[in-house]
Amino acid sequence: MRLYDSLSQEKKDFVPRDGDRVTMYFCGPTVYNYVHVGNARPYVVSMVAKRYFESLGYSVTLVENITDIDDRIITKGIKEGRPAADVAAEFAQAYRDDTDRLGLGRPDVEPLATEHVQEIIDLIATLVERGHAYQAGPDVYFDVRSSPDYGKLSKQQVAEMRHGARISVGEDKKDPLDFALWKGAKPGEPAWDSPWGSGRPGWHIECSAMSLKYLGAGFDIHGGGRDLIFPHHENEIAQSEGAVGAPYVRFWMHNGMLNLSEQKMSKSVGNILTLRATLDKHRPEALIAVFLASHYRSPMEFGEDVLEEAEQQVDRLKNVFGELADRAAGCAPAAPDAAPGDSETPDAALLDRLGARRHAFMDALADDLNTAAALAEIFGAAREVNAALAAGDLDAGTAARVRAGMLEMVHVLGLDAVAGGDAAIPEDVVCMAEERQECRVARDFARADELRAALAERGYEVRDVPGGFKVVCTR
RNA sequence: GGCGGCAUAGCCAAGUGGUAAGGCGAGGGUCUGCAAAACCCUUAUCCCCCGGUUCGAAUCCGGGUGCCGCCUCCA
């Protein structure tokens, strides 16, 4: 596999540090509110990457933190007259609930910053010992000047950055670029005891502490949104490499930003498009499809129109899986690569072509996780299968094998839902559909159309097929 | 101003030297009582602009233009 690394700015061959185990850390949200749709992109990217690596036979340890101590959390707590910990707990749970709806599973470890204060303190102590950090009043700062290659990830010249940086009142930094590792407690703020007095962790340090704890220095992949490159990831590198004296991360994986077409997200105005609101309106697999349709590193258009489009795509895939399931009915589940039969038959030829598509699918993902190209192979497979179905080819056994092969592909992309059998159709719905069929036979089309409309109202679509009808749930 | 990225059909979007994937939408056809689903056909002589390298560039180089992100604890 080739994977782009934003530190070296090139695609490199990816070989895990630990043999058959892949170690990944992605920056999760700071939980001061409901997460917005943009937060879902790195989440989806990380889960799909995990599935891809697993499909290659690796075991994957994916760590995705939740930052539950932060200025904004404290501010919100004060505003609402409740402890910051309450705010954090509420929105951490909301985050888990919201992302659970995507059906991609949970990261292997989801550490909370407040549960790793000891590790954070130990890390800061090491940095102080090694001359990379200093105490200034109640605070502890990282000494940027002690880190000769500071700026290597963001490609910024330290001298340049100093121009814009500034020391705010109450801070006693040696350099404007120095950043807080530990912040002395102000009255009413949540605080922990430390060698430097009562206080709390600064922003970047928790990710260093937790990634090093769970994955160790030099782990494989560290991901997050591009906007985190500076200062967050730059600072993580400085801290972590300063503390351990070894390279921190092997591949930096940064996803592009969402370009909101309708409504610019403005945090100050508070009109943020939340993940929750998006999933209230659209199926999770549609949102996943939106993310998969563009390369993870590219900025992407996002809005109601692309979501609607993705709904159509999802329906297309659901339809082909539904047809395959019907055709394969009664047939035992099959392996996609079961020994090909007579290669002269149309079925065997189709299986050959689909096998080629599965290879192309994996090749696409092997090239820096090109999900858009991989998804195109699934659509290509769908078209070929539909054509075979329409031609009346495909015996039950072939259908079962085709379905198994396509299932593998959608599973890697986290689109299992498109293959899910629809929930059982309620009996009264079936009765209505049967009555409609009787009306059709009796050529009472007015009544038949009435029943079809009534079914549509209830969320079911009735499709006439040779020799009968079929009821499909449309929501 | 500095750093990084993006710019491909009506829309979304792959493609980084060999002659434009895929999806949505639109138009035509098949099937159907009508639909729906599905299938077939059509929909970029051309990849922001101007130069250059090359037998050959959307793809490489130089220069522009536009948009986005970061440089102020935003994925």
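Quick note on labels: first sequence line is chain A, next is B, and so on, each numbered from 1.
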Taking B/rC50 as the reference, what is the distance to B/rA58 when you measure between their P atoms (whole Å, please)?
13 Å
Indicate, with a heavy-atom threshold strictly under 4.0 Å, whether A/Arg357 touches base, sugar-phosphate, or nothing.
nothing
Geometric class of the A/Trp182/A/Trp196 ring pair [parallel <30°, tilted 30-60°, perpendicular >60°]:
tilted
Should B/rA38 form a Watson-Crick or G-U wobble pair with both distances under 3.5 Å, which nucleotide is its partner?
B/rU30
Please pick, from B/rC6, B/rG4, B/rA75, the nucleotide with the shortest atom-to-atom distance to any side-chain atom of A/Arg226.
B/rG4
Base, sugar-phosphate alone, or nothing: which one does A/His232 contact when heavy atoms must sit under 4.0 Å apart?
nothing
For B/rG62, what is the paired nucleotide under Watson-Crick or G-U wobble rules, both distances under 3.5 Å?
B/rC50
With P as the reference atom in both, quote the distance from B/rC61 to B/rA57 in angstrom, rounded to an integer.
15 Å
Any donor-acceptor pair under 3.5 Å joining the side chain of A/Asn370 to the base of B/rG15?
no
From B/rA75, B/rG33, B/rC3, nucleotide with atom closest to A/Leu258 side chain:
B/rA75
For the CG atom of A/Leu273 and the OG1 atom of A/Thr278, what is their distance to the nearest 0.5 Å?
3.5 Å
Do NZ/NE/NH1/NH2 and the carboxylate oxygens of A/Asp149 and A/Lys152 come within less than 4.0 Å?
yes
Less than 6.0 angstrom from the centroid, inside 45 degrees of the normal: does A/Lys174 satisfy that with respect to the ring of A/Tyr134?
yes
Sugar-phosphate only, base, or nothing, as touched by A/Asn255 at under 4.0 Å among non-hydrogen atoms:
base
Checking B/rG5, B/rA14, B/rA35 against the side chain of A/Arg452 (C-beta onward), the nearest is B/rA35
Students often get this wrong, so: under 4.0 angstrom with heavy atoms, is A/Gly256 touching a base, only sugar-phosphate, or nothing?
base
Applying the 3.5 Å cut-off to both distances, the Watson-Crick or G-U partner of B/rG56 turns out to be none
Please state the C1' separation for the pair B/rG23 and B/rU30 - nearest whole angstrom.
23 Å
So what does A/Val465 touch, heavy atoms closer than 4.0 Å: a base, only the sugar-phosphate, or nothing?
nothing
A/His222 and A/His233 aromatic ring geometry - parallel, tilted or perpendicular at 30°/60° bounds:
perpendicular
Taking any heavy-atom pair under 4.0 Å as a contact, classify A/Glu308: base, sugar-phosphate, or nothing.
nothing
Measuring only the C1' atom in each nucleotide, how far is B/rU53 from B/rG10? A whole number of Å is fine.
36 Å
Interatomic distance where CE belongs to A/Met253 and C1' belongs to B/rA75 [whole Å]
14 Å
Hey, is the side chain of A/Asp305 pairing donor to acceptor with the base of B/rC12 inside 3.5 Å?
no
Parallel, tilted or perpendicular, as decided by the 30° and 60° cut-offs, for the rings of A/Tyr150 and A/Phe179
parallel
Return the pairing partner of B/rG10 with a 3.5 Å limit on both distances, Watson-Crick or G-U wobble; otherwise return none.
B/rC24
Is the shortest heavy-atom distance from the side chain of A/Arg358 to the side chain of A/Asp363 under 4.5 Å?
no
Nucleotide opposite B/rG17 in a Watson-Crick or G-U pair, distances under 3.5 Å
none
With hydrogens left out and only the distance checked, is there a donor-acceptor pair under 3.5 Å joining A/His36's side chain and the base of B/rA75?
yes
A/Phe291 CZ - B/rA75 P separation (whole Å)
14 Å
A/Asn259 atom CG is separated from B/rC68 atom C1', nearest whole Å, by 7 Å
Measure the distance from CD1 on A/Ile221 to P on B/rA75 and round it to the nearest whole Å.
21 Å
Would you say the side-chain atoms of A/Arg463 and A/Asn319 include a donor-acceptor pair closer than 3.5 Å?
yes
Could you label the plane-to-plane angle of the A/Tyr248 and A/Trp252 rings as parallel, tilted or perpendicular, counting under 30° as parallel and over 60° as perpendicular?
tilted
What is the separation between atom CD1 on A/Ile378 and atom P on B/rA13, rounded to the nearest whole Å?
19 Å
Closest to the side chain of A/Asp464, out of B/rG33, B/rG5, B/rA14, is B/rG33
Integer angstrom distance from the C1' of B/rC12 to that of B/rC49:
24 Å
Interatomic distance where CD belongs to A/Gln156 and P belongs to B/rC71 [whole Å]
9 Å
Categorize A/Asn319 for me: base, sugar-phosphate, or nothing, with a 4.0 angstrom heavy-atom threshold over every strand shown.
sugar-phosphate
Sorted by position of nearest nucleotide on RNA chain B, 5' first, the leading residue of A/Lys11 and A/Glu384 is A/Lys11
Give one of base, sugar-phosphate or nothing for A/Phe445, where a contact means two heavy atoms less than 4.0 Å apart.
base
Could you say whether A/Asp367 or A/Ala180 is positioned toward the 5' end of RNA chain B, judged by the nucleotide with the nearest heavy atom to each?
A/Asp367
What does B/rC67 pair with, Watson-Crick or G-U, if both distances are under 3.5 Å?
B/rG5
Between B/rG5 atom P and A/His295 atom NE2, what is the distance in whole Å?
13 Å
Taking the same atom, C1', in B/rA21 and in B/rU59, what whole-Å distance lies between them?
15 Å
Establish, with yes or no, whether the OP1 or OP2 oxygen of B/rA14 is under 4.0 angstrom from a side-chain nitrogen or oxygen of A/Ser298.
yes
Using atom P in both nucleotides, what's the gap between B/rC24 and B/rU19 to the nearest angstrom?
26 Å
Strictly below 4.0 Å: does A/Asn386 bring a side-chain N or O up to OP1 or OP2 of B/rA37?
no
Under 4.0 Å, counting only non-hydrogen atoms across every strand here, what does A/Asp315 touch: a base, just sugar-phosphate, or nothing?
nothing
Any cation-pi pair here, A/Arg72 with A/Tyr32, using under 6.0 Å and within 45°?
yes
Whole-Å distance separating the CG atom of A/Asn65 from the C1' atom of B/rA75:
11 Å
Under 3.5 Å, which N/O atoms of the protein pair with N/O atoms of nucleotides 21-23 of chain B?
{"residue": "B/rG23", "atom": "O2'", "partner": "A/Gln313", "partner atom": "NE2", "Å": "2.2"}
{"residue": "B/rG23", "atom": "N2", "partner": "A/Glu309", "partner atom": "OE1", "Å": "3.1"}
{"residue": "B/rG23", "atom": "N2", "partner": "A/Glu309", "partner atom": "OE2", "Å": "2.8"}
{"residue": "B/rG23", "atom": "N3", "partner": "A/Glu309", "partner atom": "OE2", "Å": "3.3"}

Whole-angstrom distance between B/rG15 and B/rG51, as gauged at atom C1'
25 Å
Could you tell me which nucleotide pairs with B/rU72 by Watson-Crick or G-U wobble geometry, both distances under 3.5 Å, or answer none if nothing does?
none
Answer yes if the side chains of A/His282 and A/Glu311 hold a donor-acceptor pair under 3.5 Å, and no otherwise.
yes
